[in-house]
Amino acid sequence: MTDATASAGEKEAHRDFIRDIVAEDIASGKHKIVVTRFPPEPNGYLHIGHAKSICLNFGIAKEFGGRCHLRFDDTNPAKEEQEFIDSIQNDVRWLGFEWDALHHASDYFEQLYAWAEHLISNGKAYVDDQSADEMRANRGTLTEPGKESPFRNRSVEENLDLFRRMRAGEFAPGTRILRAKIDMASGNINLRDPALYRIIDAPHPRTGTTWKIYPSYDFAHGQSDAIEGITHSICTLEFEDHRPLYEWFLDNLPVPARPRQYEFARLNLTYTVLSKRTLTKLVQEKHVNGWDDPRMPTIAGIRRRGVPAAALRDFVSRIGVAKANSTVDFGMLEFSIREYLNQHAQRRMAVLDPLKVVIENWPEGKFEDLEAVNHPNDESAGKRTIRFGREIYVERDDFMEEPPKKFFRLSPGKEVRLRYAYFITCKDVVKDASGKVIELRCTYDPATKGGNAPDGRKVQATLHWVNAHDAVTADIRVYDHLFSRPDPGADGDVMADLNPNSMTVLSGAKVEPDLMKGDAGQAFQFERQGYFCRDRESTPDRPVFNRTVGLRDTFAKEVGKPAAKK
Ligand code: ATP
Ligand code: MG
């Protein structure tokens with residue numbers, strides 16, 4: 001494998017506006033060490049958008065010799081679960097990163113509570129008894145200012161008393177909230193007395209039933225950054241309008257450090273939805289088979305589909321980090337996957353739609369071991385032994401009884417090469433009662449062992465095959481986009497855009513027995529077909545393979561036209 005192409009993406013990128021800022025802050029001495037964090041809310045599995053954020057936060061820490069924390073933003077116990085906490089750690093590690101510290105926003109609940117009282121004591125926060133509807137109605141719009149709450153001017157004493165009783169669980173959820181007292185007329189809606197604490201009656205995975213009130217994202221986030229000494233708090237663009245609030249808290253609280261928030265464009269992908277709410281719905285309503293369904297854009301789904309972590313990192317690095325939102329073509333992801341797998345995946349043979357071939361001049365019961373290379377450009381991948389025999393399978397569409405002019409593969413009277421084996425010539429065609437071709441009768445030329453004729457005669461196609469005696473019968477799951485349009489949900493209902501044909505199962509495929517060895521999830525190139533891996537649910541009794549991605553056209557041309565399948 002050549003180093004130049006091994007991780008072209010990972011090498012060439014690595015310069016963007018955030019890295020420039022970090023480099024400058026280090027050079028100017030503003031910071032001695034860079035500290036970043038990745039702050040997922042454990043209310044779902046991580047997706048490929050999170051992968052971008054992970055590579056950015058962990059990547060910067062690594063490149064600049066700093067630290068990156070994994071911090072669970074576990075401030076809403078109503079939606080958070082241990083399964084998600086576990087999967088997130090697993091996925092970050094799988095992507096190739098290790099956190100320098102593991103934190104939870106819930107570690108800071110006591111401190112955050114004290115800071116809320118601090119704001120109240122300084123006349124900068126108040127308990128509001130308005131209903132959620134009233135608050136919404138009084139918030140105003142982008143063009144109209146909001147209306148001040150009738151509870152806005154409560155005394156410090158009354159606010160402290162009510163807030164303490166909120167904490168003690170004296171009030172029902174939804175009856176009161178704690179709000180910052182900033183400016184109901186602000187042009188920035190985030191500054192119109194934002195919520196600091198809500199009453200939530202749900203056990204928390206870590207703090208149990210200790211707390212009856214929970215801090216808002218905005219109140220918890222920046223303060224957690226300050227507590228941890230985060231220098232660069234990197235988030236997606238939709239938080240740009242929250243930055244003034246982020247800074248208002250830092251200005252008005254005795255925090256130990258002053259982090260800065262920077263925003264970058266989130267990843268959007270064609271044919272893909274990256275909203276956790278929609279992904280949760282897909283799982284709950286069983287449109288997919290769980291969070292790690294290979295059609296899901298989750299890291300777990302992408303992994304199960306056979307994509308190596310390095311290919312995903314390569315993709316993230318190729319798309320770069322920008323300040324303006326855009327949508328990346330799904331083909332870019334496939335490009336990175338193919339590019340990586342073409343270099344790293346070992347080759348095997350598998351026949352997806354088998355047609356039996358009987359080699360008439362090959363003795364019954366005789367088998368011959370042949371050598372096959374595992375990777376054409378990488379000797380270190382070694383060789384394996386495959387067996388040839390009298391009965392083999394080839395791809396059904398590598399045969400045509402009445403071929404058009406440009407069809408170079410098998411047809412009556414035509415000679416082709418079997419990869420790593422011999423030249424064979426089609427002598428006869430066997431059909432069933434309905435006229436369907438069920439078997440080809442061929443002869444082989446013993447002088448062509450290894451794939452070359454001593455007399456120099458040429459064949460125009462090389463076919464992949466498997467030996468009928470040894471082949472394993474498997475189901476192959478071929479995936480298409482989960483959504484049938486590049487911009488799912490553009491007409492309003494995202495579920496209406498689900499692709500009814502996002503998975504096709506080819507049953508009765510015949511694969512090299514070697515593919516049943518080793519770990520599930522390892523990707524192989526099935527020659528002339530694409531990249532596949534054994535599914536984690538595959539068993540010896542019921543082998544199942546996932547198609548990771550198809551082959552690119554140019555490569556297919558080199559080895560003979562692929563059995564085009566869609
Ligand atoms: P929600 O807040 O609706 O649950 P989320 O996708 O923002 O969804 P978080 O767990 O809050 O989920 O995200 C963790 C981090 O990942 C945040 O810093 C967020 O900005 C970042 N992130 C989320 N989605 C993307 C995306 N599509 N591209 C890049 N970064 C993302
Ligand atoms: Mg979020």
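Everything numeric in this text was worked out from a predicted model, so none of it was measured. Counting starts at 1 for both ligands and their atoms, following the listed order.
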For ligand 1, find out whether one of its N or O atoms is nearer than 3.5 Å to an N or O atom of [X].
X      : result
Phe38  : no
Thr236 : yes
Lys52  : no
Leu267 : yes

Relative to the heavy atoms of [X], which atoms of ligand 1 are at a distance of less than 4.0 Å?
X      : result
Phe264 : 29 (C), 30 (N)
Ser53  : 16 (O), 21 (C), 30 (N)
Glu41  : 4 (O), 9 (P), 10 (O)

Practice item. Report the C-alpha distance between Phe109 and His204 in whole Å, list the side-chain angles of each, state the deciding distance to 0.1 Å, and finish with yes or no for ring pair (Phe, Tyr, Trp, His ring centres under 6.0 Å). Key: CA-CA 12 Å; Phe109 279 174; His204 187 282; 5.7 Å; yes
Check your understanding: With a cut-off of under 6.0 Å to the ring centre and 45° to the axis, is Arg477 in cation-pi contact with Phe545?
Key ->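 Judged by the rule (NZ or CZ under 6.0 Å from the ring centre, within 45° of its axis), Arg477 is not positioned above Phe545.
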Review point. With a cut-off of under 6.0 Å to the ring centre and 45° to the axis, is Arg176 in cation-pi contact with Phe171?
Key: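 Geometry flag: set, cation within 6.0 Å and 45°.
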Point to revise | Closest to atom 12 (O) of ligand 1 (judged by heavy-atom distance), picking from Glu80, Glu238, Lys276 | key: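 Shortest heavy-atom distance from atom 12 (O) of ligand 1: Lys276.
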Can you tell me if [X] has a non-hydrogen atom under 4.0 Å from ligand 1?
X      : answer
Tyr217 : no
His47  : yes
Asp73  : no

Check your understanding: Do we see a donor-acceptor contact under 3.5 Å between the side chains of Asp74 and Ser106?
Key ->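 Yes.
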Review point. Given Phe249 and Phe219, is the ring pair (Phe, Tyr, Trp, His ring centres under 6.0 Å) satisfied, shown in steps?
Key: CA-CA 8 Å; Phe249 289 128; Phe219 188 58; 5.2 Å; yes
Check your understanding: Given that the side chain starts at C-beta and the backbone is N, CA, C, O, which of these parts of Pro39 lies under 4.0 Å from ligand 1, counting heavy atoms, or is it both or neither?
Key -> both
Check your understanding: Distance from Leu312 atom CG to Ile54 atom CD1, nearest 0.5 Å?
Key -> 9.0 Å
Check your understanding: From His104 NE2 over to Thr75 OG1, what is the distance, rounded to the nearest 0.5 angstrom?
Key ->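 It is 12.5 Å, given to the nearest 0.5 Å.
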Check your understanding: Given the rule in the side chain to side chain contact (heavy atoms under 4.5 Å, CB included) test, do Tyr108 and His103 qualify, once you have shown the distances and angles that lead to the verdict?
Key -> CA-CA 9 Å; Tyr108 314 132; His103 294 298; 3.3 Å; yes
